[in-house]
2 protein chains.
Amino acid sequence: MGNLYRFVEPVLLFLLKRKGHSYGYELSGQLTEFALTDAEIEAAALYRTLRQLEKNGFVRSEWDSGHGGPARRLYMLTEQGEEHLDEWLAVLDHMSKSMAHFVDVARVALVEPETHEEVVAVTGGLG
Amino acid sequence: MGNLYRFVEPVLLFLLKRKGHSYGYELSGQLTEFALTDAEIEAAALYRTLRQLEKNGFVRSEWDSGHGGPARRLYMLTEQGEEHLDEWLAVLDHMSKSMAHFVDVARVALVEPETHEEVVAVTGGLG
DNA sequence: TTCGTTAGATGCAACTTGCACCTAGGTGTC
DNA sequence: GACACCTAGGTGCAAGTTGCATCTAACGAA
């Protein structure tokens, strides 16, 4: 589960899925739009993540130079990459729900410290 | 934002808030119950996180040896720690929502690839 | 005295990250 | 031509983080 921290990986996989194919420099612009945290994504991290994804077989790439400007490394999802995105979505879905639940339980404990025990008992632990 | 990765920090802060005070070994048992990911928490990570929290002024500790067995380092939240927990809850709340939204948008793109452009346009980007 | 449990901690290799920097193709302009 | 700037993809390195193994030590039970 590389790069869980900033969630660069799933967003890259999704962007590639949506666009069909793209390259690092272009993806770096769209990452901000879909970033899951406020933390900025370093270009270095982006390029390294793409190479890592390729090394793991989730994307493949080819050079594209017919457009003016320096050559681009065009990335696209592999079949494994689609499955990996699917797995990521399951993980993020689960995390999202656990997180929301945690926030609920913790907020109750903060606002009404004298009644939190009962509330935790009613709502149960995290999923 | 240390230890965002496993979310050890906010859960520790919450557990201390709820119990009033506790120590590493005891906390390690409850961490699993409230863990936000399936990844297991190393005891080493737990102890190091507690020391880091103390270094940053979010918790304070004192030795407790009146109980049989080796002395425990009893931790409790500081006022700064309560504020920090509050900030964490805001961050997690935001992340949780962004994540849920991302999963929604991405799932639509996966299931109905031919219509995803319109759906993305309707639902907008992430929060 | 030896073993198991509780409790806290460290050493180290491997990995990740952020920052600075580099290479290189192309365009505009003086 | 000389230069600045934009696009595009990277690398080097110091600093930080993590996981695993290991260590110390107090106490109770056999």
Side-chain angles (χ1 to χ4, degrees), chain A residues 1-12 15-16 19 21-32 35-56 58-76 88, chain B residues 1-13 15-16 19 21-32 35-56 58-76 88 91:
Chain A
M1 264 211 323
N3 277 287
L4 175 55
Y5 186 62
R6 295 265 191 289
F7 308 99
V8 179
E9 222 183 89
V11 176
L12 283 180
L15 290 175
L16 287 176
K19 291 214 66 174
H21 51 77
S22 187
Y23 54 99
Y25 193 81
E26 188 181 49
L27 288 165
S28 73
Q30 315 201 321
L31 256 192
T32 347
L36 299 187
T37 70
D38 292 337
E40 279 176 36
I41 309 298
E42 279 276 318
L46 171 74
Y47 287 115
R48 283 195 266 232
T49 301
L50 283 171
R51 304 299 235 105
Q52 195 63 38
L53 282 170
E54 184 164 30
K55 197 181 131 199
N56 292 334
F58 299 131
V59 303
R60 61 190 178 82
S61 72
E62 52 195 53
W63 285 102
D64 168 33
S65 45
H67 53 79
R72 302 159 177 173
R73 193 188 278 276
L74 261 190
Y75 285 97
M76 54 220 90
W88 258 116
Chain B
M1 269 218 311
N3 278 288
L4 175 55
Y5 185 63
R6 294 267 191 289
F7 307 98
V8 179
E9 222 183 88
V11 177
L12 283 180
L13 290 171
L15 289 175
L16 287 175
K19 291 214 65 173
H21 52 75
S22 187
Y23 55 97
Y25 193 82
E26 187 181 49
L27 288 165
S28 73
Q30 315 201 322
L31 255 192
T32 347
L36 299 187
T37 71
D38 292 337
E40 278 176 36
I41 309 299
E42 279 276 317
L46 171 76
Y47 287 115
R48 284 196 266 234
T49 301
L50 283 170
R51 303 300 235 107
Q52 195 62 36
L53 282 170
E54 183 165 31
K55 197 181 131 199
N56 293 334
F58 299 131
V59 304
R60 62 191 179 80
S61 73
E62 52 194 53
W63 285 103
D64 168 33
S65 45
H67 52 80
R72 305 159 176 173
R73 194 188 278 277
L74 260 191
Y75 286 96
M76 53 221 90
W88 258 117
V91 168

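Below, read A as the first sequence line, B as the second, and so on, with proteins coming before strands; counting in each chain starts at 1.
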Protein within reach of the bases, or only the backbone? For nucleotides 6-12 of chain D, mark each nucleotide 5' to 3' as B, S or -, using heavy atoms under 4.0 Å. -BSBBBB

Given side chains that start at C-beta, do those of [X] and [Y] come closer than 4.5 Å, heavy atoms only?
X: B:Leu13; Y: B:Trp88; value: yes
X: A:Trp63; Y: A:Tyr23; value: no
X: A:Tyr75; Y: A:Arg51; value: yes

Is the CZ atom of B:Arg60 crowded by more than 12 outside heavy atoms at less than 6.0 Å? no

Take the protein atom [atom1] of [X] and the nucleotide atom [atom2] of [N], then report the distance between them rounded to whole Å.
X: B:Ile41; N: D:dC20; atom1: CD1; atom2: P; answer: 12 Å
X: B:Leu46; N: D:dC20; atom1: CG; atom2: C1'; answer: 16 Å
X: B:Glu9; N: D:dT18; atom1: CD; atom2: P; answer: 10 Å

B:Arg72 with B:Glu26: basic N within carboxylate O range, under 4.0 Å: no

